[in-house]
Amino acid sequence: MSSHVSVSSHPHSTSTPARLLRMIEVRSIDYIPSSERRGKAWHQAPFWFTGQLVVSTIIVGFIGPAQGLSVGLSILASALGALAGAFLMAFHANQGPTMGLPQMVQSRAQFGVKGAALPMLGAIFLYVGLSVFGVVLGGQAISLVLPGPPLMWGAGVVVLATLLAVVGHDLLHAVLRWLSYLVAPVFVVLTVLALVHLHPQPASGETNTPAAMLVQFVAAAGYLLGYAVYVSDYSRYLPASTSPRAVIGWTYLGAAASAIWLMSLGSFIASSVPVADALPNLRDIGDRLFPGFGTFAVVITLVPSAIALMGVNLYGTMLSGVSIAAGFRPIALSVRARVIGIVAGGACAFLVALAMPDAYLGAFNDFVTMVLYLLVPWSAVNLVDYYWVRRGRYAITALFDQNGIYGRWGVAGLVAYGLGFVAMIPFMSTGFFTGPAVPALGGADIAFAVGLLVAGGAYLVGNRGFHPSSERPAILASLRLLGEGAHDGEHTADDVERRTVDTATGPLSVLLRRGDEGTTPVLFLHPANLSARCWRMVAERLPADRGWIALDLRGHGESTRSGTYDVEGWAEDCAHVLSSLGVPRAHLVGGSASAAVAVELAARHPDLTASVVTVGGAFRPVDPEEGGLIEEIVALGSEQALRRHAAAEAVAVPEAAEEAIADLSRNDDATTIAIWRAAAATDSERAAATLRRPVLVVVGELDRTCPAEESTWFAEVTGARLEVLPGIGHLPMYEAPDDLASLLTEHLRRLS
């Protein structure tokens, strides 16, 4: 493992300097181990609500009226843009708990360890640019009440923001969470005063156009999307078991709510005043309450927020800067490296602010638009990879290894990003460049939509034929290196527990995830000589509210090897497990020989059975000597024989063989042969005839172990629905987990 990934604790002495240093975050771009995870999903809402509760959000709302747009259409365009930008932004938040890494470091999976420097440079441009506006606006606000040039006070803002960022994640979260109690009431008063005292002017028909609405829409969307590059920086400390819906939903709610509010306020103000200039406008509105309140309002809403948000931006600057440096040469991920990165970012922001023009509205408009252009192709590639290509499964340590599975340069990601950006150029519209397609569209800017579709589509095309299972060995190795694995390389989320159920012949081991109250759980039964872990990729794709139990049958996995092996005994073991766990009924899902176990259990205990799903089922007896497996076990040993069988016979998707092999039960030759003979002796004709529960039969088209004809016969006998998976062999739980999970989810939905 690369020395870049750290999961160890950081010891501290008890001296006073050490106690002060203990407040400073020690992690930068390295992985957050489960022992350090904390927090709640709802904490994301106040963090991102306050993140948009700043004067710069109001300025975004000025853009529509500056284009000649009416106040109503400006507010509508702002709201739609904020909803669209927050939507993409919020889906990045789920990556934090899953991967435990900063947002831009995750881009190494798509762009390569070195290639990720390209989008990271764009992110640094964003961080520094937003920090510059914080310097300018914060300095201007302080100079309203204290003597001295604004940039002098801007320097003070930089110093305080730097200290905030140095202390790090927890302090930033605390400040942003509580700052809303100070800032929000003042903005409420300003909003009421504006509604009472200002009177928007009607727009002319010539300028009140869809093209002008698109300008406002793009500015609002770009402003929110700009935060996508560091959303998971502030969710990466959440436990891995955090509900994706919760973290996405709370992030979306917080970010969109305050953005819509203040952008709408900005449009209302800009439509009502001769000259839209944020600080003078807000001061004049506040003075309608009483003289001096306007100045107080500007200072109290702007200065603390400017410091806090600049702290967030400097923190992000450090994360991307350290990641770029570490991608090209090994560096120590120390507190010293964090501090250097943060201080450098603050100094850079202040130097740029020195050259900032006084009339910053036009520059701000162009800035947020360019941010959208730069980030849309990155966001598309990153989201498509996470949700569609790798589906949230990554080898964390390989992200820090130039010789790992992600490599130095991610060709598919870089090409998709480049194609997306180039495709946007004809549709771009800024103060300094207008693409050739813009006039033909009546001045409308649709570059963002083009960039999303082209970059995301190109990345999908570039990954045709990729199968997530091909990276499974690297993922398991990564978990072991990080110390996050369990049970011989198995990684279970915090909401999945391993339980032991005692029986007369010995303990049985189960993996268990509790579902929502009122839902009927699924009982997964594995094929012969595998283990409960074989269902992990299917189980994790089930709806979040659906509980499940995966049992290591007697003689398998971590369960007892005592007693005899037969379908009837395994079925009774299942009934005992359900009873011991207090489960009144379950949907039974059995693979291969365990399909017969599920059928037997349903026939013996119909009260425990909600439905039956068979996957590549074995229903009628066969000669155990057929196929030569027993002969190979005697000659080669059980592990080597089963490896050969998995690769040559059991799967039609070669990449799936390694995953199946990793889940084999490690038994001696005699136990393996006994289990195989029991599987070959399955006979479900009697039980099938008495089955009175809904049945779904799934089989791979290319199943050579239990040919599709067996499942066809069983479906006819039971009147079941038959689903044949094209191009799939005997183990769909490895070869086609998405398809199998979709069929199972649909089956459960029908019965709910």
Side-chain angles (χ1 to χ4, degrees), residues 499 501 503 508 510-528 532 534-535 538-539 542-543 545-554 566-620 679 682-699 710-711 713-723 733 740-741 743-752:
R499 297 276 296 274
V501 176
T503 71
L508 299 175
V510 299
L511 291 173
L512 171 68
R513 187 183 78 182
R514 300 287 183 182
D516 287 357
E517 188 174 352
T519 61
T520 303
V522 175
L523 174 63
F524 287 111
L525 305 174
H526 58 78
C534 77
W535 293 106
V538 175
L542 294 183
D545 62 347
R546 180 70 62 176
W548 53 264
I549 303 158
L551 168 65
D552 281 339
L553 294 172
R554 191 190 318 174
D566 54 59
V567 168
E568 293 78 11
W570 284 327
E572 289 302 326
D573 283 346
C574 293
H576 182 77
V577 165
L578 292 176
S579 176
S580 298
L581 295 176
V583 177
R585 287 205 317 164
H587 297 280
L588 312 180
V589 180
S592 190
S594 284
V597 176
V599 173
E600 185 71 22
L601 175 60
R604 287 169 172 255
H605 301 278
D607 55 316
L608 293 176
T609 307
S611 72
V612 175
V613 179
T614 68
V615 182
F619 304 106
R620 293 182 289 192
T682 55
D683 189 350
S684 299
E685 289 200 56
R686 177 195 54 79
T690 64
L691 201 56
R692 297 293 182 267
R693 291 290 182 262
V695 180
L696 170 65
V697 178
V698 182
V699 66
E710 274 292 288
S711 291
W713 167 82
F714 181 74
E716 291 174 352
V717 170
T718 58
R721 175 178 159 216
L722 175 66
E723 292 286 347
M733 64 283 292
L740 185 53
L743 289 172
L744 180 55
T745 300
E746 181 188 1
H747 172 75
L748 298 174
R749 180 182 56 77
R750 285 181 174 183
L751 299 177
S752 62

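Residues: numbered from 1 along the sequence shown.
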Got a second to check how far [X]'s [atom1] is from [Y]'s [atom2], nearest 0.5 Å?
| X | Y | atom1 | atom2 | result |
| --- | --- | --- | --- | --- |
| Ser684 | Leu691 | OG | CG | 9.5 Å |
| Leu578 | Asp573 | CG | CG | 11.0 Å |
| Arg554 | Thr503 | CZ | OG1 | 6.5 Å |
| Leu523 | Leu601 | CG | CG | 7.0 Å |
| Glu685 | Thr690 | CD | OG1 | 12.5 Å |
| Leu696 | Ser611 | CG | OG | 8.0 Å |

Worksheet item: Going by atom types only, do His587 and Thr520 share a side-chain donor-acceptor pair under 3.5 Å?
Response: no

So do the side chains of [X] and [Y] get within less than 4.5 Å of each other, counting heavy atoms only?
| X | Y | answer |
| --- | --- | --- |
| His747 | Leu751 | yes |
| Leu748 | Val522 | yes |
| Leu508 | Asp552 | no |
| Pro543 | Thr745 | yes |
| Val697 | Glu723 | no |
| Pro521 | Val583 | yes |
| Ile549 | Trp535 | no |

For [X] and [Y], indicate whether the former's side chain and the latter's backbone hold a donor-acceptor pair under 3.5 Å.
| X | Y | value |
| --- | --- | --- |
| Arg693 | Pro606 | yes |
| Ser579 | His576 | no |
| Ser594 | His526 | yes |
| Arg721 | Pro694 | no |
| Asp683 | Arg620 | no |
| Thr519 | Gly515 | no |
| Trp548 | Leu512 | no |

Which pair of heavy atoms, one from [X] and one from [Y], lies closest together, and at what distance?
| X | Y | result |
| --- | --- | --- |
| Leu551 | Cys574 | CD2-SG, 3.7 Å |
| Ala687 | Glu600 | CB-OE1, 3.9 Å |
| Leu542 | Ala741 | CD2-O, 4.5 Å |
| Thr609 | Arg585 | O-NH1, 3.8 Å |
| Ala688 | Val717 | CB-CG1, 4.0 Å |
| Ala602 | Leu588 | N-CD1, 4.1 Å |

Discussion item. Evaluate Thr614 against Val699 for side-chain contact (heavy atoms from CB on, under 4.5 Å), listing each step before the verdict.
Written reply: CA-CA 8 Å; Thr614 68; Val699 66; over 6 Å; no

Worksheet, complete the sentence: Partner of Val589 under side chain to side chain contact (heavy atoms under 4.5 Å, CB included), picked from Leu744, Val538, Val698, is Leu744

Worksheet item: Using 30° and 60° as the class limits, which term best fits the ring planes of Phe619 and Trp713: parallel, tilted or perpendicular?
Response: tilted

Fill in: Val577/Val510 under side-chain contact (heavy atoms from CB on, under 4.5 Å): CA gap, chis, key distance, verdict
CA-CA 9 Å; Val577 165; Val510 299; 3.9 Å; yes

